[in-house]
*Asks:* 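Mind looking over this structure? Questions follow.
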Amino acid sequence: MMSQEQNDLITRTGPKDPCGKLMRSYWQPAALVDELQGERPIRPVKLLGENLVLFRDETGRYGLMDRHCAHRGADLAFGRLEHGGLRCAFHGWLFDATGQCIETPAEPKESKLCQNIRQRSYPVIEKSGILWAYLGEGEPPAFPEIDCFVAPGTHTFAFKGHMACNWLQALEVGIDPAHASYLHRFFEDEDTSTAYGKQFRGASAGSDLPMTKILREYDRPIINVEHTEYGMRLIALREIDEERTHVRVTNQLFPHAFVIPMSTEMTITQWHVPIDDENCYWYAIFTSYSNPVDKQKMREQRLELYELPDYKSRKNRSNDYGFDPHEQQTATYTGMGNDINVHDQWAVESMGAIQDRTQEHLGSSDKAIVQYRRLLRQEIEKVGGGEKPMLFLDESKARSIQGPATMDGIGPTQGWELYWMEVDVKRRRGAPWAAPVPKEIADNVHRLTAAE
């Protein structure tokens, strides 16, 4: 258990909150590039509790600024894109992508009023299908050279989804290896050859065992947590027998992302971005190490659940997440269908808008969550003292964070420690793009043995 004060410290991310100051030390996903396609590339955005408007001008520059006009507060999300910027529909004041006012047409011709008017704005860059914004002070950090940022656009796909809860409980479900054996349990296994684009529905590397069978029958994983330069590495071990062990390697990427294996050829890097303290978006980049991503299929699969323009789930609290008691008895542990995003959404939204951690009771399987919360408090304190937090990188250190390595496969019970590294290295060396081999992994894997 923790005190209410401690819970507030690690959940609230407004401009004046200590955790909000930490979050503003990093680039944040603000929208998908797809959201600014079409004839009118303007989109209202709420990010870290701030009401903003995102747009792309005629030259292709992106701008992100306060949603309410500096003149008299009208809503710029209804503005006009013209003459190199975003024009307020109330009196015609025009702002460029930097927030500088460049025209005040209702004023006298000789007026210089606009020269001294600047709408608060934030830098925006496009990376791997996502538009990233920096809401902090000073120079923004460099992006780490992790796989989802190094891979070419042909081998990545970005998507997002809304959750009606605080960002932290949404993140914590992704660093909880034990829950998958229950929340995502299926009573029957599908043909793994049809698993493209679906998490936990394929076979584990090195076997023809469906992940659904492994999670269902081996539900007491041994969980190891290792601290790394980027956050934490989680290794979940499910012993099949004396000779075989299922090994799943995932990562927590500080401050609010995780990197997990989706299949033998694809990983998911997923951020949990506060809209405000009671809502968040998950933004995911799917990265392929073999064939180009079938973006159309991936998008169509996800749009079966998520509705545009807000990417909210069709299954939600208002319709009990599609709960079917017969299905719960015969097909799935939750009775909420086959999409694990629905399972996760129910779990984290059912805790309340902000989970009351003063009432929880943690067990040994929650060790990653306990250690992450300690890390989060440590980095909040560091930023409060004027220091740079973990993973705030300059250009010279961007390459120091690569990978990170993930794996899901059946390896030897004796020797799994090297096996998972070998599998990861083999996949990277076979990638059609230059997938970097993290130094810490390369130093341990001098030749491929068990993975071959």
*Asks:* Going through the checks in order, is the side-chain hydrogen bond (donor to acceptor under 3.5 Å, both in side chains) test met by Q28 and H256?
*Replies:* CA-CA 10 Å; Q28 298 287 340; H256 55 3; 2.7 Å; yes
*Asks:* Hey, is the main chain of P261 close enough, under 3.5 Å, to the side chain of T267 for a donor-acceptor pair?
*Replies:* no
*Asks:* Side-chain contact test, heavy atoms from C-beta onward, threshold under 4.5 Å: evaluate it for F258 versus L171 and give yes or no.
*Replies:* yes
*Asks:* Between Y289 and W433 (judged by ring centroids, cut-off 6.0 Å), do the two rings come close enough to count as a pair?
*Replies:* yes
*Asks:* Salt bridge check, R299 against D34: does any charged N sit closer than 4.0 Å to a carboxylate O?
*Replies:* yes
*Asks:* Flag the pair K213 and D189 as a salt bridge only when some basic side-chain nitrogen lies within less than 4.0 angstrom of an acidic carboxylate oxygen.
*Replies:* no
*Asks:* Verify ring pair (Phe, Tyr, Trp, His ring centres under 6.0 Å) between Y311 and H162, making sure each step is shown before the conclusion.
*Replies:* CA-CA 6 Å; Y311 292 81; H162 179 271; over 10 Å; no
*Asks:* Sort out for me which residue in W27, Y26, F392 forms a ring-ring contact (aromatic ring centres under 6.0 Å, His included) with F143.
*Replies:* W27
*Asks:* Check this for me, if you would: do E300 and K297 make a salt bridge, where the nitrogen-to-carboxylate-oxygen distance has to be below 4.0 angstrom?
*Replies:* no
*Asks:* Could you walk me through whether R428 and D147 pass salt bridge (charged side-chain N to carboxylate O under 4.0 Å, His left out), step by step?
*Replies:* CA-CA 10 Å; R428 291 173 182 281; D147 295 336; 2.8 Å; yes
*Asks:* Please name all residues satisfying ring pair (Phe, Tyr, Trp, His ring centres under 6.0 Å) with Y62, sequence neighbours left out, ordered by chain then number.
*Replies:* none
*Asks:* Regarding D339 and K315, does a basic nitrogen lie under 4.0 Å from an acidic carboxylate oxygen?
*Replies:* no
*Asks:* Once salt bridge (Lys or Arg N to Asp or Glu O under 4.0 Å) is applied, what residue pairs with a partner in residues 346-357 remain, sequence neighbours excluded?
*Replies:* E172-R357
*Asks:* Among L36, V53, L32, which residue meets the side chain to side chain contact (heavy atoms under 4.5 Å, CB included) test with R43?
*Replies:* L36
*Asks:* Give a yes-or-no answer on whether the side chains of Y230 and Q252 include a donor-acceptor pair shorter than 3.5 Å.
*Replies:* no
*Asks:* Set out, in order, the CA-CA distance, both residues' side-chain angles and the distance that settles side-chain hydrogen bond (donor to acceptor under 3.5 Å, both in side chains) for N316 and Y321, then state yes or no.
*Replies:* CA-CA 4 Å; N316 52 58; Y321 304 91; over 6 Å; no
*Asks:* Quick check: closest heavy atoms across T228 and M390, and the distance to 0.1 Å?
*Replies:* O-CE, 4.0 Å
*Asks:* For F55, is the NZ or CZ atom of R80 found under 6.0 angstrom from the centre of its six-membered ring and inside 45 degrees of the ring axis?
*Replies:* no
*Asks:* Any chance you could lay out the side-chain hydrogen bond (donor to acceptor under 3.5 Å, both in side chains) test for T406 and R248, step after step, and finish with the verdict?
*Replies:* CA-CA 8 Å; T406 68; R248 182 171 173 85; over 6 Å; no
*Asks:* Taking E50 first and then K16, would you say they form a salt bridge - that is, a charged N and a carboxylate O separated by under 4.0 Å?
*Replies:* no
*Asks:* Quick one about E239 and H246 (side-chain donor to acceptor, distance below 3.5 Å, no hydrogens or angles considered), yes or no?
*Replies:* no
*Asks:* Please check if the side chain of K295 supplies one atom and the backbone of T156 the other of a donor-acceptor pair under 3.5 Å.
*Replies:* yes
*Asks:* Counting only N and O atoms by type, is there a donor-acceptor contact under 3.5 Å from the side chain of N251 to the main-chain atoms of L253?
*Replies:* no
*Asks:* Ring pair (Phe, Tyr, Trp, His ring centres under 6.0 Å), that's the test. Do H343 and H179 meet it? Break it down for me.
*Replies:* CA-CA 11 Å; H343 308 166; H179 85 277; 9.7 Å; no
*Asks:* Working to the nearest 0.5 Å, report the span between CD of Q371 and CD1 of I369.
*Replies:* 11.0 Å
*Asks:* To check you understand the geometry: which heavy-atom pair defines the closest contact between R238 and P177, and what is its length?
*Replies:* NH2-O, 3.4 Å
*Asks:* Ignoring hydrogens and geometry, is there a side-chain-to-backbone donor-acceptor pair from R24 to G20 under 3.5 Å?
*Replies:* yes
*Asks:* Do the side chains of E35 and K160 get close enough for a salt bridge, i.e. N-O under 4.0 angstrom?
*Replies:* yes
*Asks:* Quick check for you: to the nearest 0.5 Å, what is the distance between I130 atom CD1 and I285 atom CD1?
*Replies:* 4.0 Å
*Asks:* For the residue pair D276 and N279, confirm or rule out a side-chain donor-acceptor distance under 3.5 Å.
*Replies:* yes
*Asks:* Test side-chain hydrogen bond (donor to acceptor under 3.5 Å, both in side chains) on Q4 and D8 and set out the steps.
*Replies:* CA-CA 6 Å; Q4 186 60 52; D8 289 341; 3.0 Å; yes
*Asks:* So, R233 and E440, do they make that salt bridge, N to O below 4.0 Å?
*Replies:* yes
*Asks:* Looking at W132, F159, Y283, which hits ring-ring contact (aromatic ring centres under 6.0 Å, His included) with W271?
*Replies:* W132
*Asks:* Do we see a donor-acceptor contact under 3.5 Å between the side chains of R185 and T212?
*Replies:* no
*Asks:* Identify whether the distance between the nearest side-chain nitrogen and carboxylate oxygen of K21 and D17 falls below 4.0 Å.
*Replies:* no
*Asks:* So, D310 side chain and K312 main chain: donor-acceptor pair closer than 3.5 Å or not?
*Replies:* no
*Asks:* If the condition is side chain to side chain contact (heavy atoms under 4.5 Å, CB included), which residues does H68 pass it with, not counting sequence neighbours?
*Replies:* none
